[in-house]
Structures are given as structure tokens and as C-alpha cells.
Amino acid sequence: MGKLEGRVAIITGGAGGIGYATAQRFIAEGAAVVIADLRADTAAIDALDGQAVFVKTDVSDMTDVERLAAEVMAQFGKIDILVNNAGITRDKSLKKMTEADFDAVISVNLKGVFNCTKVVAPFMVEAGYGRIMNTASIVGVYGNFGQTNYAAAKAGVIGMTKTWMRELGRKGITVNAVAPGFIETDMIKTIPDEVIQGMIKSTPVQRAGKPEDIANAFLFLASEEASFVNGVVLHVDGGLAY
């Protein structure tokens, strides 16, 4: 029996990168997975052999998130796990960043986490069980040049994680965050190679992380092995932050 046998999980931003790797890992451990994303990589989702349901969702739109939850409840009757992973970047220095750049990232990366948790938490409270996990970032802890919007959003995610663990822990729900370091996803494709090599050199394990490294962290936090882990921001960064 898998570690998540019989569990129902929603993974936002699950059509690619960290979210997709997490969907694969959860399915392998017995979970029913709902991928909530604005885009669908048909080939990738088909590769999951029908073991995941795709629901097109704009996490920045509360009404859309309510529709997502209603569809999941109608099909599965419960929501055990929520992975708030959807995110975008609009990187620019403070001088060049526009209000639209700032608002777009905050809307998805911060408000989206609020929307999904706000909608899903009552179902978990009613069931007396839940695992909520948020994708933060080491950038939300230490900041980063050219990422005012992204760093602000991820710092906010960490703050919400710490708040919700206090509010929901007594209801049988744990709330934790994972703070990835330098991970090989589509988000790094626009980064110059010399910058990438510099990041790898600065990472004590001397490599970039893989989406599977983050998926394994989410699996632990979603499992019964982490039933007494609450309010943690788990750094998965190869030691980069230290």
C-alpha cells in the first residue's frame, strides 16, 4: 500500500515542473490527483495513464477556485491534500518593474494561495483531516535582485503558512511550506548560462535541484509520517541558503 492510498489531492500549477513531478509522485503512492492549472500539456497528462484529472483553473479568481472545489467534491467526495504550487514570474529590477508586473505575480503567487486555501479548508475542517502545503522559495526568506514581486509573494506565503498552522492545527489540518532553491524548471530557461553555473557553484551539493527533489518533500509532508510536522518551512536547496 502506498503512503497516500485513498487520499484525494489537488495540485495547483500541476501541469508542469514541480507540480507535475508532485502529481507523478503522489499517484505512485496511491493518491487520486486533480491537476489544477491554466494550461494543459496534453501529452504529459496523457502520460499519467488516466490517473489524474485535469481541471482548468485560474487560482487568482475565487469563483474559478470555488468551481474547482465543487467539481472535486462531486467526483471524489472529499479533499485530503492541497498543494498550492501555481506561480509565475515577472522579474525586473525595482526601477524597471511596472505596477502590472507586481500585481500579476501577487495575484497568482499570493492571492492564489489564499483563494485555494480559503475554499478548500472548510471541507477539510468538516472531515477533521487535511494536509495543506505551499510552495514558498528561499527568495521569500532572503530576497533576490530583480524579484521584488516574487520575493514579496513568497514571503507572504510563508507568513500565511505560519498563521494557518495555528488556526487549522486544532482542526486536524497541518499546514507546511517547502522553500525550493535553484531548481531545473521552465522558469530558469531565460537565465543566462553563466548565471546558472554561478548558482550551481554556490550550491554546496554542486548541482541544481530537480522537480523530483521538491516532490519528495511534498510527499513526506502529505504522509502520515509527518502528522506532527506543522508550520515548517522546509528548505530544499542543496544548502544554497546557508
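Worth saying up front: this structure is predicted, and the values here are computed from it rather than measured. Note that the numbering runs from 1 along the sequence shown for the chain.
- In the hydrophobic cluster analysis, where Ile, Leu, Val, Met, Phe, Trp and Tyr join through side-chain heavy atoms closer than 4.5 angstrom, I27 is grouped together with F54.
- Contact record, K162 with G231: NZ-O, 2.8 Å, taken as the closest heavy-atom pair.
- Although no hydrogens or angles enter the test, the distance criterion places no donor-acceptor pair under 3.5 Å between the side chain of N176 and the main chain of L221.
- Residues A15 and I35 approach most closely at N-CG2, 3.6 Å, considering heavy atoms.
- Interatomic distance, CG of N84 versus OG1 of T12, reported as 5.0 Å (0.5 Å rounding).
- Proximity of a side-chain donor or acceptor of Q206 to a complementary backbone N or O of K201 within less than 3.5 Å is detected.
- No chain of hydrophobic side-chain contacts below 4.5 Å, direct or via other Ile, Leu, Val, Met, Phe, Trp or Tyr residues, connects V33 to Y129.
- Across all their heavy atoms, I81 and A222 have their closest contact at CD1-CB, 4.0 Å.
- Between the side chain of N115 and the backbone N or O of V59, at least one donor-acceptor pair lies under 3.5 Å.
- D80 places a side-chain N or O within 3.5 Å of a backbone atom of V8 that can act as its donor or acceptor partner.
- For the pair P180 and I18, the tightest heavy-atom approach, listed with the atom from each and the gap, is CG-CD1, 4.3 Å.
- Other residues, nucleotides and ligands contribute more than 12 heavy atoms inside 6.0 Å of the NZ atom of K78.
- Distance check: L48 CG to Y20 OH gives 4.0 Å after rounding to the nearest 0.5 Å.
- A salt bridge between K118 and E66 is absent, with no side-chain N of the basic residue lying under 4.0 Å from a carboxylate O of the acidic one.
- Under a 3.5 Å cut-off, the side chain of E184 and the backbone N or O of A208 do not form any donor-acceptor pair.
- Taken together through direct or relayed side-chain contacts under 4.5 Å among Ile, Leu, Val, Met, Phe, Trp and Tyr, I214 and V205 form parts of separate hydrophobic clusters.
- Side-chain atoms of N109 come within 3.5 Å of backbone N or O of I88 as a donor-acceptor pair.
- Both I79 and M62 sit in one connected hydrophobic cluster of ILVMFWY residues. Membership requires side-chain heavy atoms under 4.5 Å apart, directly or through other members.
- The backbone N or O of K210 sits less than 3.5 Å from a side-chain atom of D213, completing a donor-acceptor pair.
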Quick one, R67 with D64, criterion salt bridge (charged side-chain N to carboxylate O under 4.0 Å, His left out). Give me CA distance, side-chain angles, the key distance, then yes/no. CA-CA 5 Å; R67 176 186 55 79; D64 219 28; 2.8 Å; yes

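- Enclosure of atom CZ in R207 by more than 12 non-hydrogen atoms of other residues, nucleotides or ligands within 6.0 angstrom is indicated.
- A donor-acceptor contact shorter than 3.5 Å is absent between the side chain of N85 and the backbone of T135.
- None of K95, K96, K92, R90 except one satisfies the salt bridge (Lys or Arg N to Asp or Glu O under 4.0 Å) rule with D101; the exception is K92.
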Run the side chain to side chain donor-acceptor pair (under 3.5 Å) test on T174 and N230 for me, step by step, so that the C-alpha distance in whole Å, both residues' side-chain angles and the decisive distance to 0.1 Å come before the verdict. CA-CA 5 Å; T174 61; N230 195 23; 5.0 Å; no

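- Looking at E71 and K56, no side-chain N of the basic residue comes within less than 4.0 Å of a carboxylate O on the acidic one, giving no salt bridge.
- Hydrophobic clustering keeps L38 apart from L68 (ILVMFWY residues linked when any side-chain heavy atoms are closer than 4.5 Å, directly or through intermediates).
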